[in-house]
Engineer: 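I am attaching a structure below and will ask some questions about it afterwards.
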Amino acid sequence: MSKPTESSGKSIDVVIPVYNAPDLTRRCVDSVVVYLSNSIRRIFIQDDASASETRQMLDNLPYDCVEIYHAKRNQGFGLSVNEAVNRSDAFYVLILNSDTEISHDFLPLLCATLAADVKLAAIIPSGNSYAKYNLDRYLLREGGYISTYYLRGHAILIRRDIFQEVGGFDPVFGRGYYEDIDLGRRLDLHGWRFGVHPGTRIYHKAAGSFGRGRALQKLIKRNRTIYLSRYPKARQNILLFSGDCSLADFPPSVLDAIENVFHEGGYVHWITPVISPALLCLQMYSQPLCLSAVISVVLRGWRRADRRISGIWMMPGIPLLLRTSLILWGRAFGLEIKELSLKEKMIQDCSARLLSK
């Protein structure tokens, strides 16, 4: 492998935890070598007690930059990553699932984004895992990234010192699921930001090494329960109703209330006559003000307690009949009801006009 260019001036190591799935793992490693060679130093592969076929494949990899460690027993995703990161002394580590595949060198762009925002601890390349989002609708922060409060662990470029400072992944989550979201909550609590870069892409074959079925669903349910017991306010799902307005019309107090929901791990579903072309982060959605859209949002999370609507916030400009219906519905189901005001914004605008004269 040629000497890394390290365009950011800071070294990068790649960490890949592996458990079986030899074909997927080989494609992942090959793609890292082909496309990222000029940006990285080493690839640390942590084999989590895989079967012999995977072990043999790893031992026969022809790359000098690859360092392999075979664990004696299965430790789970979190501990595997933590151990591999501890072997690195790079400034950044790129944590990759073994069922990902790279098609271009996105590291210079991600490093430039991290350098542009001193409070940004981690950045994620977009790709098929973000296909459900229209990324053009979200506000870009300095460095060109989209804010998120939900950390997906299949591909994360993160400062190694910060990863270790907050304790890395918590091994309580065992084989995996929710350890990445839990890490994101701890990063947020420590004042760090993380985001998704829309100008980059990586392919992720979800559950490539876990398989699917009852055992997987049981694992996800167990880990979700652990996560929500730690962060109960992550159950917040707010229906925000407004008249025809944009984010620029929201007073600071309303924006602060919305941001607080995000910081606690919750979601805001903005129902407005004209769908907003600009949204704050990936935990904010916008739907048209019609009965079918409201019903769709409500029913979408009905089967999961952490996805059910928990509050109704109303801004000026909502028809009286709708406002009355929302209040009655909220009271019937014990939902938080909050009426928001634009008065603060109107005062600010008036003051600005007076000062400009």
Engineer: Can a salt bridge be assigned to the pair Arg55 and Asp59 using a cut-off of 4.0 Å between side-chain N and carboxylate O?
Structural biologist: no
Engineer: Membership question, hydrophobic clusters at under 4.5 Å side-chain separation (ILVMFWY): are Leu255 and Met284 in the same one?
Structural biologist: yes
Engineer: Under the criterion salt bridge (Lys or Arg N to Asp or Glu O under 4.0 Å), I'd like the reasoning laid out for Asp182 against Arg230: C-alpha separation, chi angles, the key distance, then a yes or no.
Structural biologist: CA-CA 9 Å; Asp182 175 79; Arg230 291 180 173 180; 3.0 Å; yes
Engineer: Mark yes or no: Arg152 above the aromatic ring of Tyr130, with NZ or CZ under 6.0 Å from the six-membered ring centre and no more than 45 degrees from the axis.
Structural biologist: yes
Engineer: Tell me whether the centres of the aromatic rings in Phe173 and Phe169 are closer together than 6.0 Å.
Structural biologist: no
Engineer: Taking the six-membered ring for Trp, are Phe163 and Trp192 ring centroids under 6.0 Å apart?
Structural biologist: no
Engineer: Anything under 30° is parallel, anything over 60° is perpendicular, the rest tilted; go ahead and classify Trp329 against Phe333.
Structural biologist: perpendicular
Engineer: Looking at the rings of His269 and Tyr285, which for Trp means the six-membered one, are their centres under 6.0 Å apart?
Structural biologist: yes
Engineer: What do the steps show when you test Arg27 against Asp23 for salt bridge (Lys or Arg N to Asp or Glu O under 4.0 Å), and what is the final call?
Structural biologist: CA-CA 6 Å; Arg27 284 202 293 271; Asp23 293 337; 5.8 Å; no
Engineer: For Asp306, is there an ion pair with Arg304 - N to carboxylate O distance below 4.0 angstrom?
Structural biologist: yes
Engineer: Among the clusters formed by ILVMFWY side chains lying less than 4.5 Å apart, do Phe77 and Ile181 turn up in the same one?
Structural biologist: yes
Engineer: Stepwise, does the side chain to side chain contact (heavy atoms under 4.5 Å, CB included) test hold for Thr148 with Cys281?
Structural biologist: CA-CA 5 Å; Thr148 183; Cys281 71; 5.8 Å; no
Engineer: Is the backbone N or O of Lys221 less than 3.5 Å from a side-chain atom of Thr225, with the two atoms forming a donor-acceptor pair by type?
Structural biologist: yes
Engineer: Any side-chain to backbone donor/acceptor pair from Asp188 onto Arg193? Under 3.5 Å, distance only.
Structural biologist: no
Engineer: Evaluate whether atom CD of Glu339 has more than 12 neighbouring non-hydrogen atoms of other residues, nucleotides or ligands under 6.0 angstrom away.
Structural biologist: yes
Engineer: Does Arg331, at its CZ atom, have more than 12 non-hydrogen atoms belonging to other residues, nucleotides or ligands within less than 6.0 Å?
Structural biologist: no
Engineer: Could you tell me whether the side chains of Trp313 and Glu336 share a donor-acceptor contact shorter than 3.5 Å?
Structural biologist: yes
Engineer: Kindly indicate, with the supporting measurements, whether the criterion salt bridge (Lys or Arg N to Asp or Glu O under 4.0 Å) is fulfilled by Arg42 and Asp89.
Structural biologist: CA-CA 10 Å; Arg42 294 171 293 179; Asp89 61 357; 3.0 Å; yes
Engineer: For side-chain hydrogen bond (donor to acceptor under 3.5 Å, both in side chains), just list the numbers for Asp30 and Tyr63, CA-CA rounded to whole Å, side-chain angles, deciding distance to a tenth of an Å, and then say yes or no.
Structural biologist: CA-CA 9 Å; Asp30 288 347; Tyr63 307 120; 2.7 Å; yes
Engineer: Please assess Ser310 against Asn237 for the test side-chain hydrogen bond (donor to acceptor under 3.5 Å, both in side chains), listing each intermediate value before the final yes or no.
Structural biologist: CA-CA 5 Å; Ser310 60; Asn237 286 275; 5.4 Å; no
Engineer: Between Asn86 and Gln164, is any side-chain donor less than 3.5 angstrom from a side-chain acceptor?
Structural biologist: yes
Engineer: Counting N and O atoms only, with roles assigned by atom type, does the side chain of Ser88 sit under 3.5 Å from a partner on the main chain of Ala84, one being a donor and the other an acceptor?
Structural biologist: no
Engineer: Assess the residue pair Asn97 and Thr100 against the criterion (side-chain hydrogen bond (donor to acceptor under 3.5 Å, both in side chains)); give the C-alpha distance rounded to whole Å, side-chain angles, the decisive distance to 0.1 Å, and a yes or no.
Structural biologist: CA-CA 6 Å; Asn97 276 21; Thr100 58; over 6 Å; no
Engineer: Examine distances only and state if a side-chain atom of Ser242 and a backbone atom of Thr272 form a donor-acceptor pair shorter than 3.5 Å.
Structural biologist: no
Engineer: With a 3.5 Å distance limit and no angle check, can you tell me whether Ser98 reaches the backbone of Val18 through a side-chain donor-acceptor pair?
Structural biologist: no
Engineer: Check this for me, if you would: do Glu101 and Lys205 make a salt bridge, where the nitrogen-to-carboxylate-oxygen distance has to be below 4.0 angstrom?
Structural biologist: no
Engineer: Are Leu280 and Ser147 close enough, and set up right, to give a side chain to side chain contact (heavy atoms under 4.5 Å, CB included), and what steps lead you there?
Structural biologist: CA-CA 7 Å; Leu280 292 171; Ser147 181; over 6 Å; no
Engineer: Could you walk me through whether Asp117 and Lys119 pass the salt bridge (Lys or Arg N to Asp or Glu O under 4.0 Å) check?
Structural biologist: CA-CA 5 Å; Asp117 186 343; Lys119 297 302 294 182; over 6 Å; no
Engineer: Give a yes or no on whether Ile123 and Leu36 share a hydrophobic cluster (residues Ile, Leu, Val, Met, Phe, Trp, Tyr; joining criterion: side-chain heavy atoms under 4.5 Å apart).
Structural biologist: yes
Engineer: May I ask you to decide whether Asp13 forms a salt bridge with Arg41, counting only side-chain N to carboxylate O separations under 4.0 Å?
Structural biologist: yes
Engineer: Between Gln56 (side chain only) and Glu53 (backbone N and O only), is there a donor and an acceptor less than 3.5 Å apart?
Structural biologist: no
Engineer: Mind checking whether Val261 and Val297 sit in one hydrophobic cluster, side chains of I, L, V, M, F, W, Y counted as touching below 4.5 Å?
Structural biologist: no
Engineer: Ignoring hydrogens and geometry, is there a side-chain-to-backbone donor-acceptor pair from Thr113 to Gly143 under 3.5 Å?
Structural biologist: yes
Engineer: Is it the case that one hydrophobic cluster holds both Leu107 and Val33, taking links as side-chain heavy atoms less than 4.5 Å apart, direct or via other members?
Structural biologist: yes
Engineer: I'd like to check the ring pair (Phe, Tyr, Trp, His ring centres under 6.0 Å) partners of Tyr149; sequence neighbours left out, ordered by chain and number.
Structural biologist: Phe262, His263
Engineer: Could you label the plane-to-plane angle of the His154 and His204 rings as parallel, tilted or perpendicular, counting under 30° as parallel and over 60° as perpendicular?
Structural biologist: parallel
Engineer: Check whether Trp302 forms a cation-pi arrangement with Arg307 (NZ or CZ under 6.0 Å from the six-membered ring centre, at most 45° off the ring normal).
Structural biologist: no
Engineer: If we ignore angles and hydrogens, is there a donor and acceptor under 3.5 Å between the side chains of Ser253 and Asp256?
Structural biologist: no
Engineer: So does Ser50 get a backbone contact from the side chain of Thr54, meaning a donor-acceptor N/O pair under 3.5 Å?
Structural biologist: no
Engineer: Think Arg224 forms a cation-pi with Tyr177, using NZ or CZ under 6.0 Å from the six-ring centre and within 45 degrees of its axis?
Structural biologist: no
